[in-house]
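Chain identifiers are assigned alphabetically (A, B, ...) following the order of the sequence lines, protein sequences preceding nucleic acid strands; residue numbering begins at 1 within each chain. For the numbers below, each heavy atom of this structure counts, side chains included, while hydrogens, waters and symmetry mates do not.
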Amino acid sequence: EIVLTQSPTTMAASPGEKVTITCRASSSVSYMHWYQQKPGASPKPWIYDTSKLASGVPNRFSGSGSGTSYSLTISSMETEDTATYYCQQWSSNSPMLTFGSGTKLEIK
Amino acid sequence: EVQLVESGGGLVQPGRSLKLSCAASGFTFSDYNMAWVRQAPKKGLEWVATISYDGSSTYYRDSVKGRFTISRDNAKSTLYLQMDSLRSEDTATYYCARGDYVMDAWGQGASVTVSS
């Protein structure tokens, strides 16, 4: 089973600040995907195939990485970015999909 | 507009069964693999099961194998999750999601509480 470890678990950023969330995999993966979830709402696809923004995602967001280390970056934090972000990978092994434990991002 | 609407959640006693449904609209349901993902209260996301576009292949996480069954009716554009021998640790919001290696659409979720 591939385990995804996200860091930090919780963080607060000021408006305009650059934010980086990291996701480390226990074994090498080909791609990483990211979801945004706000309280009481369903997860939304956010970044797929490591670096492609889902429809409607502001271009202040970006994704990068390879092998066992991936990241989601916000170039300039905005209030609406407050949410929990989950990374996710797919594997042909079981379990097929695994998620990171999430990073809760708050505004300072 | 892509829509996924879950139903069938509720309170159930340990050891009993429950069947969730997910009605899909706004896309050609039979073209897509589909999945169920759950989220226990105040916890993270956990993949439960995936079914291929034609229903010929199914995949489960180990903790639900033999207890849960994912199925679909393409004529009705509906995804199902039959949950048997429910345990307290199955308590969660269950989301229906489109896709397999990445999920590009999610339902609003169905709440399942397993408690005596």
Would [X] and [Y] show up in the same hydrophobic cluster when neighbours are defined by side-chain heavy atoms closer than 4.5 Å?
{"X": "B:Tyr80", "Y": "B:Met34", "value": "no"}
{"X": "A:Trp34", "Y": "A:Val3", "value": "no"}
{"X": "B:Leu18", "Y": "B:Leu11", "value": "no"}
{"X": "B:Val5", "Y": "B:Ile51", "value": "no"}
{"X": "A:Leu53", "Y": "A:Ile21", "value": "yes"}

Taking side chain as C-beta onward, heavy atoms only, is [X] less than 4.5 Å from [Y]?
{"X": "A:Gln88", "Y": "B:Met103", "result": "yes"}
{"X": "B:Tyr59", "Y": "A:Leu97", "result": "no"}
{"X": "A:Phe99", "Y": "B:Val37", "result": "yes"}
{"X": "B:Val102", "Y": "A:Pro45", "result": "no"}
{"X": "B:Trp47", "Y": "A:Met96", "result": "yes"}

Could you check whether atom [atom1] of [X] has more than 12 heavy atoms from other residues, nucleotides or ligands sitting under 6.0 Å from it?
{"X": "B:Tyr53", "atom1": "OH", "answer": "no"}
{"X": "B:Asp31", "atom1": "CG", "answer": "yes"}
{"X": "A:Arg24", "atom1": "CZ", "answer": "no"}

> From A:Thr84 OG1 over to B:Leu45 CG, what is the distance, rounded to the nearest 0.5 angstrom?
Replying inline: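 Interatomic distance, A:Thr84 OG1 to B:Leu45 CG, rounded to 0.5 Å: 9.5 Å.
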>> Return the OH to CG distance between A:Tyr48 and B:Asp104, rounded to the nearest 0.5 Å.
In response: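 Rounded to the nearest 0.5 Å, the OH-CG separation comes out at 9.0 Å.
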>> Checking A:Tyr86 against B:Gln39 for the side chain to side chain contact (heavy atoms under 4.5 Å, CB included) test, could you report, in this order, the C-alpha distance in whole Å, the side-chain angles of both residues, the deciding distance, and whether it holds?
In response: CA-CA 12 Å; A:Tyr86 294 93; B:Gln39 186 171 34; 3.3 Å; yes
> Does B:Gly107 offer a backbone N or O that forms a donor-acceptor pair with the side chain of A:Ser42 under 3.5 Å?
Replying inline: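 Such a contact is found between A:Ser42 side chain and B:Gly107 backbone.
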>> Please evaluate residues B:Tyr101 and A:Asp49 with respect to the criterion side chain to side chain contact (heavy atoms under 4.5 Å, CB included), reporting the C-alpha separation (whole Å), side-chain torsions for both, the decisive distance (0.1 Å), and the verdict.
In response: CA-CA 10 Å; B:Tyr101 80 97; A:Asp49 292 353; 3.3 Å; yes
> What part of B:Tyr95 is in contact with chain A, defined as an atom under 4.5 angstrom from a non-hydrogen atom: side chain, backbone, both or neither?
Replying inline: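 Side chain only.
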>> Using heavy-atom distances under 4.5 Å, tell me whether A:Tyr31 contacts chain B through its side chain, its backbone, both, or neither.
In response: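 Neither part; nothing is under 4.5 Å.
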